[in-house]
Amino acid sequence: MSTMHGGGDGEITRSAPAARALDGVPADLPAPRPPDLPADLESSRLRWQLAIDAAGIGSFDWDLRTGRLTWDDRLVEIFGYDEATFDATIEAFDRRVHPDDLPDVTGAMQDAISVCGDFHAEYRIVLPSGEVRWVQARGRALCDEGGTAARLLGAAYDTTAERTREATIARVLETMSAAFYALDEQWRFSYVNAEAERLLGRTRAELIGGVVWQLFPATVGSVFEESYRRAVATGEPVAFEAYYPAPLEGWYEVRAWPGPDGLSVYFLDITQRRRAQEQAERAAARLALLAEVSAELTGALDPATAVARLARLLVPSLADWCIVTLIEDDGRLRDIGWWHDDPALRPVVARYANSRLDSLTPESFVMQALRRGEPVVVPTGASRALHDILRPGEARDVLASLAPDSLAVLPLTARGRTVGLVTLFSAPGGTPLVGQDLHTARDVASRAGMALDNARLYESQRRLAEGLQRSLLTDPPEPDHLQVVVRYLPAAHAAQVGGDWYDAFLQPSGATVLVIGDVVGHDVAAAAAMGQLRGLLRGIAFHSGSGPADVLSGLDAAIQGLQVGTTATAVVARLEQTRDERAGGVTRLRWSNAGHPDPVVLHPDGTVGLLARGEADLLLGVDPATPRTESLVVLERGTTVLLHTDGLVERRGQSLDEGVALLQRTVAELADAPLDDLCDAVLERLRPSASEDDVALVAVRLHPQDRPRPPEAGPQVLPPDVPPEPGS
């Protein structure tokens, strides 16, 4: 490098700032303020000098003709010299440059001088203490009129801190668990840490300088490209999760920050986390399915309804389509529920379900599952296997359109017997029913079997209880011009029938007796007690011919004396008439109430009221010594009286008074309806669909007696020895 030196006397000369040297002012001349230099320009130069000083930048001026190297105070300090030790030669510079970096720095200077161009270098210097620091220098070679470089001017500053930060960052990036890479403005890899090498499956040598879209073609058109380009375009960071196919075959959580030099990308392999999440979601879905099956089937009280619901519950959670089969009491199979995830194929499944049982051979999978009592699974090739065990016909033809790839037949068992079957099918490309899904299906089948059997037991109990109940509730009489209508609706649950009853009969005098009652309790014991009370009351009233109060007193005594052991509410009403009253078109109604809801009266003018007189008497079966009161009212012909049990006016969220008021309004709205229609409409409007109580109702309409008995009242039917007209 000494071959480039000119002569020199070794004297240190303070240089003007680099900016003035670059303006062509000789470094060895004093720099007084020119007399014509504007004050604002001098101020600007001063601010520039202060900024240079604040930034820690030193300037240099190397005169290539004389060899003198001029440094300002800052540069002398950076290189570890002082005024006494710096000899203003290029050798002083060479002595400080790290031996490994000196050839590159010398080459950069020679290149700039040879073409009168720019000089740029970053290199290490070694201070007298042995400390190594980094310096970055920029300059320019100035040429004379002949085109030969005469001076090299420039500036330099200490970059050790930056280098230390970069090294620290690099160490952090290399040791952190997250993968990191940087892309430049042309989408080329400019940095890759060790974790990124591992996750990307390529070395730094393979990645650095390569374009991301070319090295990883699956990113093109994916969320990766869309997110990266959006981050660069908006200057906003992005974060997303995405799957990259083979060869990586994994899920990644990606965060990308745009910067002036390109894009910085951090990413984590979350494949295991996603798999665990998917497994948790599948487990939650299985639990939800089991809960839904239990809830839906438990609420289905009819076996056919339960089966139909099951088919829709299992698709698409466990299969693409399915068929549910019911085993009838006589052992016959009946496909009663089916569903397909594809709406277009549901009619096809219906055709298959309606024809397949007749086409099954003894070797069919359905028959195998019935014989073994265990699931039969065909993991692949189900279409071919089914075709081979179906007799020729519609089922085999339709099967070609459905083309199942796998199937599983699961028995629905309960209490040691099979009550049905469910056949699950997967479409081509679907997942066969194996592993945890098969366990879930077996659990579903077990619950469905129990629910189906419970529904059957309920239906059997309901029919038995309702039959018993209705056998105790006889048809009403049809005396003279009275029309009597009765209704009985059991509770929604089989175990809750039994308490309510009605009755209507004639006493030997010809008077018509109406009874409505409710035994306390909702079970078979209440039904049995109701039968006893009804029979006792009927016998007492007929034999004694007594009025309502005496009849209830006699019943109270019988409850205690015969140790019936029950309590009940009841209303007994008697319609009676003398010849004069018949001629006057009126009828007397005498009644007694033992703690029961008051009857409703619909008058001929359409007004509605209650048969009430203060508080009702004590319930039956509490104290037989309690005196019973009796009330009397005279009714015009054309009047309707409605007796009912509390199941008609009591419901959740509604008080008894509100229920009674609603009943009166409803009767008023139906005043012109025939008596049968009125009773049906009252029940439809007032009784809840899922009532937990029985409802009994008896209504009587007093048709006018000066005209023929109306057709809607039916033919007159009287017991023997009862006069055809009251009072005769």
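What you see below is based on every heavy atom in this structure, not just the backbone, and it leaves out hydrogens, waters and symmetry mates.
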Could you check if a side-chain atom of Tyr243 sits within less than 4.5 angstrom of a side-chain atom of Thr271, using non-hydrogen atoms only?
-> no
Pair Ser222, Glu225: side-chain N/O donor-acceptor within cut-off below 3.5 Å | no
Decide, yes or no, whether a salt bridge links Asp158 with Arg133 under the criterion of side-chain N to carboxylate O below 4.0 Å.
-> yes
Would one find more than 12 heavy atoms of other residues, nucleotides or ligands at under 6.0 Å from atom CZ of Arg396?
-> yes
Evaluate the side-chain proximity of Val135 to Tyr123: yes if any heavy-atom separation is below 4.5 Å, no if none is.
-> yes
Could you tell me whether a side-chain N or O of Ser446 sits under 3.5 Å from a main-chain N or O of Asp443, the two making a donor and an acceptor?
-> no
Short N-O contact, Arg442 and Glu374, less than 4.0 angstrom | yes
Decide if atom CZ of Arg124 counts as having more than 12 heavy atoms of other residues, nucleotides or ligands within a radius under 6.0 Å.
-> yes
So among Tyr191, Phe267, Phe216, which one has a ring pair (Phe, Tyr, Trp, His ring centres under 6.0 Å) with Tyr181?
-> Phe267
Glu241/Arg273 ion pair, N-O < 4.0 Å = yes
Are the charged groups of Glu197 and Arg204 less than 4.0 angstrom apart, N to O?
-> yes
Pair Arg140 + Asp118, salt bridge at N-O below 4.0 Å = yes
Determine, for Asp341 against Arg312, whether the closest basic-nitrogen to carboxylate-oxygen distance falls under 4.0 angstrom.
-> no
Modelled atom types, side-chain donor and acceptor of Ser426 and Ser406, under 3.5 Å | yes
Does NZ or CZ of Arg96 fall inside the cone over Tyr81's six-membered ring, less than 6.0 Å from its centre and within 45° of the axis?
-> yes
Can the positive tip of Arg74 be found less than 6.0 Å from the middle of the six-membered ring of Phe79, inside 45° of the ring normal?
-> no
